[in-house]
> 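Can you keep this structure in mind? I'll have questions shortly.
Below, read A as the first sequence line, B as the second, and so on, with proteins coming before strands; counting in each chain starts at 1.
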Amino acid sequence: MIAAPDRTPLSRDFFDRPVLEVAPDLLGRTLVRRTPDGPIELRLTEVEAYDGANDPGSHAFRGQTARNTVMFGPPGHVYVYFTYGMWHCMNFVCGPPGQASGVLLRAGEITEGAELARKRRLSARYDKELAKGPARLATALGVDRALDGADACGPPDSPFTILRGTPVPADQVRKGPRTGVSGDGAVHPWRFWVADDPTVSPYRAHTPRRRST
DNA sequence: CCCGGGATTCCCT
DNA sequence: GGGAATCCCGGGT
């Protein structure tokens, strides 16, 4: 028998801790995303920590701007950014206001509403690829900048709710270098994933692009 | 499977 | 101006 995931919401205090504690603790949790067409649920399998102003890999490293304002606010809210001209990615803000830490949601398993996720991810050959990678995850859940700042610890009809789910035992948590991060920010092993999970995204070291003239 | 190149727009310098 | 917390497709092995 496998115990059913715990559908109690996580409290805001869960996120009001050092980001390196929160990130591995998020593995196995259930994110509910309520779309106009119905709910989609995701079991988190891969995340990355970004440690505020101390972290050269963080969007908060150079201080507060219009884009990253939500990172400097209270924990438990969602920071959504747009990147590479095409994609959105989402984070949970961690630590007290001003800390500007966050956890990037890199991959997960769709456990409810797969038919809704498939409509947004037409290139996915298998369901395990629906949310395999941070931009794929955001696409599958219908997340864009309009949801920047949404509260994942708010009322039960909100766009997001994060549930206790089934936390992953420490001996099944793996860690390694962050994906896609360049320069000094690449050295930290702040990517966390569930051992042997088929929905975890493949590691690709950062490769600088040439520019066309 | 692995690797390399192109897409496409916003943000900060 | 130039890079970006990425993805997809095509070609080779």
Side-chain angles (χ1 to χ4, degrees), chain A residues 15 19-20 22-24 26-27 31 42 44-72 77-95 99-108 110 117-149 152 174-193 196 198-213:
Chain A
F15 294 98
V19 68
L20 291 173
V22 177
L26 277 167
L27 297 174
L31 177 62
L42 178 90
L44 287 168
T45 60
E46 182 189 354
V47 299
E48 272 176 8
Y50 287 85
D51 191 13
N54 306 317
D55 180 358
S58 171
H59 288 175
F61 183 61
R62 288 170 188 82
Q64 186 172 339
T65 66
R67 172 170 77 155
N68 66 19
T69 296
V70 169
M71 287 194 87
F72 289 80
H77 290 249
V78 169
Y79 164 55
V80 181
Y81 66 89
F82 178 75
T83 193
Y84 289 104
M86 279 176 281
W87 311 110
H88 296 273
C89 300
M90 64 174 288
N91 298 250
F92 291 129
V93 176
C94 295
Q99 178 93 25
S101 292
V103 176
L104 172 68
L105 309 188
R106 286 202 55 90
I110 303 287
R118 286 184 205 116
K119 289 182 192 170
R120 302 179 185 277
R121 289 274 302 121
L122 296 178
S123 67
R125 294 164 295 176
Y126 308 102
D127 281 1
K128 67 184 180 183
E129 297 175 346
L130 287 172
K132 187 183 214 164
R136 291 167 171 181
L137 183 155
T139 300
L141 298 184
V143 172
D144 64 18
R145 283 281 283 172
L147 289 164
D148 186 46
R174 299 290 179 269
K175 66 181 174 184
R178 293 181 295 189
T179 307
V181 175
S182 58
D184 295 341
V187 303
H188 301 113
W190 289 350
R191 171 179 173 247
F192 302 91
W193 68 94
D196 301 318
T199 66
V200 171
S201 66
Y203 175 76
R204 303 270 288 228
H206 180 262
T207 52
R209 283 161 307 288
R210 271 166 304 196
R211 94 191 127 77
S212 56
T213 51

> Quiz question: going by heavy-atom distance under 3.5 Å, is there a donor-acceptor pair between the base of C/dA5 and the side chain of A/Y81?
yes
> Identify whether the distance between the nearest side-chain nitrogen and carboxylate oxygen of A/R106 and A/E48 falls below 4.0 Å.
yes
> Rounded off to whole Å, could you give me the CE-to-P distance for the A/M71 and B/dC11 pair?
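A/M71 atom CE is separated from B/dC11 atom P by 16 Å.
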> Are the ring of A/W87 and the six-membered base ring of C/dT6 within the stacking cut-offs of under 5.5 Å and under 30°?
no
> Rounded to the nearest Å, what distance is computed from the OH atom of residue A/Y84 to the C1' atom of nucleotide B/dT8?
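Distance, rounded to whole Å: 13 Å.
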> Could you pull out the closest heavy-atom pair between A/K132 and A/P202, with the gap in Å?
CE-CD, 4.4 Å
> Counting only side-chain heavy atoms from C-beta out, which of B/dG4, C/dA5, B/dC10 sits nearest to A/R204?
B/dG4
> For B/dT8, which nucleotide in any strand shown is its Watson-Crick or wobble partner with both distances under 3.5 Å?
none
> With a 4.0 Å cut-off, would you call A/D127 and A/R118 a salt bridge?
yes
> Separation of A/Y203 atom OH from B/dC3 atom P, in whole Å?
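From A/Y203 OH to B/dC3 P: 12 Å.
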> Start at the 5' end of DNA chain B and walk down; is the nucleotide closest to A/M86 or to A/R145 reached first?
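The residue mapped nearer the 5' terminus is A/M86.
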> Rounding to an integer number of Å, can you tell me how far A/L130 CG sits from C/dC7 P?
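In whole Å, C/dC7 P lies 13 Å from A/L130 CG.
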> Between A/T83 and C/dA5, does any side-chain N or O lie under 4.0 Å from OP1 or OP2?
no
> Now, which nucleotide makes the Watson-Crick or G-U wobble pair with C/dA5, with each of the two distances under 3.5 Å?
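Matched C/dA5 with nothing under the 3.5 Å cut-off.
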> To the side chain of A/H206, which of C/dC7, C/dA4, C/dA5 is closest?
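Selected nucleotide: C/dA4.
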> Which residue is it: A/V103, A/L104, A/L137, A/L147? I am looking for the one with a side chain to side chain contact (heavy atoms under 4.5 Å, CB included) to A/M90.
A/L137
> Categorize A/G57 for me: base, sugar-phosphate, or nothing, with a 4.0 angstrom heavy-atom threshold over every strand shown.
base
> Using a heavy-atom cut-off of under 4.0 Å over every strand shown, decide if A/R106 touches base, sugar-phosphate, or nothing.
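Counting heavy atoms under 4.0 Å across all strands, the contact made by A/R106 is with sugar-phosphate only.
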> If you look at every strand shown and take non-hydrogen atoms under 4.0 Å, does A/T65 touch a base, only sugar-phosphate, or nothing?
sugar-phosphate
> Identify which nucleotide among B/dC11, C/dT6, B/dC10 has an atom closest to any side-chain atom of A/A135, counting heavy atoms from C-beta outward.
C/dT6
> Taking only side-chain N and O atoms of A/R136, does any of them lie within less than 4.0 angstrom of OP1 or OP2 on C/dC8?
yes
> Between atom NE2 in A/H59 and atom P in B/dC12, what is the gap in whole Å?
10 Å
> Which nucleotide in the set C/dC7, B/dT13, C/dA5 lies at the smallest distance from any side-chain heavy atom of A/R62?
B/dT13
> Hey, does A/R121 reach any base, or is it just sugar-phosphate, or nothing, if we go heavy atoms under 4.0 Å?
sugar-phosphate
> Are A/Y50 and the base of C/dA5 stacked, counting only ring centres nearer than 5.5 Å and planes tilted under 30°?
yes
> Considering residues, nucleotides and ligands other than A/R145, do more than 12 of their heavy atoms fall under 6.0 Å from its CZ?
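Counting neighbours around CZ of A/R145, more than 12 heavy atoms of other residues, nucleotides or ligands fall under 6.0 Å, so yes.
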